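Please read the structure below before turning to the comments.
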Amino acid sequence: MNDTIYQLFETSINKRSHLLDANTDALRLFDGIGDGIDGIFLETFADRWLLSSRTSHLPPQVRDYMLESGRTVYWKRLDQHQKESPSHLAGPAQDEAFTAKESGIDYKISFQSGYSQGIFLDQRENRKRVRQRATSGQRVLNTFAYTGAFSVSAAMGGATTSTLDLSQPYLDWAKENLSLNDKSPEEHYFCKGDTFHWLRRFAKQGRSFHGIILDPPTFSRDKDGKVFRVEKDYHRLVDLASQCLEPGGWILASTNCRKLSIREFQQEATLKLRKKHQVSALPMPEEYSGEAYLKSLWIDL
Ligand SMILES: C[S@@+](CC[C@H](N)C(=O)[O-])C[C@H]1O[C@@H](n2cnc3c(N)ncnc32)[C@H](O)[C@@H]1O
C-alpha cells in the first residue's frame, strides 16, 4: 500500500469524524484536490462508501485502500456514462435500497437508481437552514425537487410542502422520504411537470408560498425547445418565483454552474427582482475542502 495515499485518506476521514454522530451518517469524506488527490471523491452513506473519480482508471493505491477498508464500496465514474448506476468495487454488495441519516432526518439511498443516489450531500447546510426557516403554518414550494430532500427538511420544520419535479419516480421517492420521517404524504402536495409552467400557473391562480427552493439543472430544454442556461436565464426563474411569494417570503436559489462566481450568480439571479430584497451568500458545508462549485443565495423579500 502506498503510504501517501493511505495517509491522505486516513487524514481526511479522521478530520471529519466530528461530523459523524448518531444524527448524521452521510457525509463527504474525501474532497478531491482539497484533500490531496485531484478528481477523487469519497462519500459515506450509513457506512457504505461511494467513490467517485473523474477518470475511468483508478490509481491502484486508491483501489487498494477501498479493497482493504472492509466496507461496501461502489464506484461512480464522473467522466462518462452519466446515466449509469455506480458499479460494485469492494466489500459485500448492496443490492437493496437502504436508509441514511443527516441532521436527524432519514433518507432513502439506492446504488441501483442511476447516476445519483437519492441525496446531494453538498446541500446539507441549506437543508438545515430550510428546516429552521420553514416553520409551522408556512407553505414551502420545492422545485426541481429530485427525491424531495428539501421538502422533508421543510416538513420537519413544520411547513406544508409542495414538491415539484418532471419525474414521477422521483416524486414517489419523495413521498417515501416523507413517510420514513413519519410525515404523511397525504398532508403534502406533489406536482409533476415543468417548474416554469407551474410557477406561471401558480401566479395566475394566486397561489402563494412563504418559501421557494430553486435548484435547476445547469442546462435544459423544455418540450417546446426553449433553452434554459443558468448563466443567462436564472433571473427568469427568480422573477417567476417572486410572483408566487407571500410578502416577507424567502427564496433559496442554488446552482452548481462552474462558469459563474458567486458574485456573478448573485447578479444574474437578482437581475429582474423588482421587489425590495436582501441577499446573503451561503457557504458549502465545511468538509468540502476542494472546489467551491455549489453557489447558494438566500433571498429575503
Ligand atoms: C439537480 S436535481 C435537483 C436536486 C435537488 N434540489 C436536491 O437538492 O435534492 C435536478 C432535478 O430537476 C428535475 N428537473 C429537470 N428539469 C426540470 C423542470 N423543467 N421542471 C421540474 N423539474 C425538473 C430533474 O428531474 C431532477 O430531479
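This one's a predicted model, so the numbers in the text were calculated from it and none came from an experiment. Remember, it's 1-based here, ligands and their atoms both numbered in the order they're listed.
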For ligand 1, list the protein residues that place a heavy atom within a distance below 4.0 Å of one of its atoms, sorted by chain and number. Phe120, Gln123, Phe144, Ala145, Tyr146, Phe150, Asp165, Leu166, Tyr170, Gly193, Asp194, Thr195, Asp215, Pro217

Are Glu102 and Arg127 side-chain neighbours, meaning at least one heavy-atom pair lies under 4.5 Å? yes

Could you tell me whether Arg236 and Asp239 have a side-chain N and a carboxylate O separated by less than 4.0 Å? no

Partner residues of Ala26 under the side chain to side chain contact (heavy atoms under 4.5 Å, CB included) criterion, sequence neighbours left out: Phe45, Ala100, Leu121

Salt bridge or not between Lys223 and Asp194? Use side-chain N to carboxylate O under 4.0 Å. no

Under 4.0 Å between a side-chain nitrogen and a carboxylate oxygen: does that hold for Glu231 and Lys259? yes

Do Arg221 and Phe228 meet the cation-pi criteria used here (NZ or CZ under 6.0 Å from the six-membered ring centre, within 45° of the axis)? no

